[in-house]
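Right, one structure below, let's go through it.
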Amino acid sequence: TLELSLPVLCGQLIVGGFGGSDVPERFTRALRDGRRGGAILFKRNLPDIAAAAALCKGLASAAPPDLPPFIGVDQEGGRVTRLPAPALSLPPMRELASFDDLDLVMNAAKAVGVELGALGFNLDFAPVLDVNTQAVNPVIGDRAFGSERSADHSTRGTSLRTTGTAARSTCASSCTWSACAATPGRE
């Protein structure tokens, strides 16, 4: 079993961000000392695909081998896309769901998971279980697969399982926990 001191245990709950495409020394120390559980990267950190891969590799190597970091991104498709071209650019999830084609959703989710895993990410903060219950609220809108919980359940659940499976299988050599599954998130 892994025994952690209280400061390290608490640190593993923190996934933070930073500016620029280089990991700041202070952030590197926090990862190395176990006072940070990982990083979430945004457009400001990802000027191109090569920089994204290098940044993920740098974050992974900064952490102790027994505490691999969460390396996350909010790569949803539509208006929430953090990685630049030539990374896959999906339409909003509402548009994917409008085709009523589970295979399409599964293949799109798998493609995102494989791509992120290949770059070194092991966590995607995509809104795979969001339901747009407030039509006048612009925050979720087309980022959700639909507006009715029961009608959208199978599509959203399939996306969650598929993206998670693809990411887990892609990053199995560097990811030792189940953090590779896509999880609900916000901008």
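Just so you know, residue 1 is the first one in the sequence shown, and it goes up from there.
Of all heavy-atom pairs between Ser61 and Gly58, the closest is OG-O, 3.1 Å. Here the closest non-hydrogen pair linking Ala85 and Ile49 is O-CG1, 4.3 Å. Heavy atoms only, all atoms of each residue included: Arg32 and Pro64 are closest at O-CG, 3.5 Å. What you find for Leu31 and Pro69 is that their closest heavy atoms are CD2-CB, 3.9 Å.
A side-chain donor-acceptor contact under 3.5 Å links Gln12 to the backbone of Gly34. In this structure a side-chain-to-backbone donor-acceptor pair under 3.5 Å is present from Asp124 to Gln75. Under the 3.5 Å distance criterion, the side-chain polar atoms of Asn45 are left unmatched by any main-chain donor or acceptor of Ser21.
For the atom pair Asp66 CG and Glu3 CD, the distance stands at 12.0 Å (nearest 0.5 Å). Taken to the nearest 0.5 Å, the CG atom of Leu83 stands 10.0 Å off from the CG atom of Leu88. Atom CZ of Phe121 sits about 9.5 Å away from atom CD1 of Ile40, to the nearest 0.5 Å. Annotation: the span from Met106 atom CE to Leu96 atom CG amounts to 13.5 Å, rounded to 0.5 Å. Note that CG of Asp22 is 13.5 Å distant from CZ of Phe27, once rounded to the nearest 0.5 Å. Going from atom CG of Leu116 over to atom SG of Cys56 covers 8.5 Å, rounded to the nearest 0.5 Å.
Contact of the Ile71 side chain with the Leu123 side chain is not registered, since no non-hydrogen atoms from C-beta on lie closer than 4.5 Å. Counting heavy atoms from C-beta on, the side chains of Leu119 and Val73 never come closer than 4.5 Å. Between Glu25 and Arg29, the closest side-chain pair of non-hydrogen atoms falls below 4.5 Å. Phe18 has its side chain within reach of Leu41: a pair of non-hydrogen atoms, C-beta onward, lies under 4.5 Å apart.
A single hydrophobic cluster is not seen to contain both Ile14 and Leu9; linkage of ILVMFWY side chains at heavy-atom distances under 4.5 Å, directly or through other members, places them apart.
Remark: Arg35 pairs with Asp33 by the salt bridge (Lys or Arg N to Asp or Glu O under 4.0 Å) rule, at least two apart or across chains.
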**OP:** Might you work through the side chain to side chain contact (heavy atoms under 4.5 Å, CB included) test for Lys110 and Val112, ending with a clear yes or no?
**Re:** CA-CA 5 Å; Lys110 187 179 291 185; Val112 170; over 6 Å; no
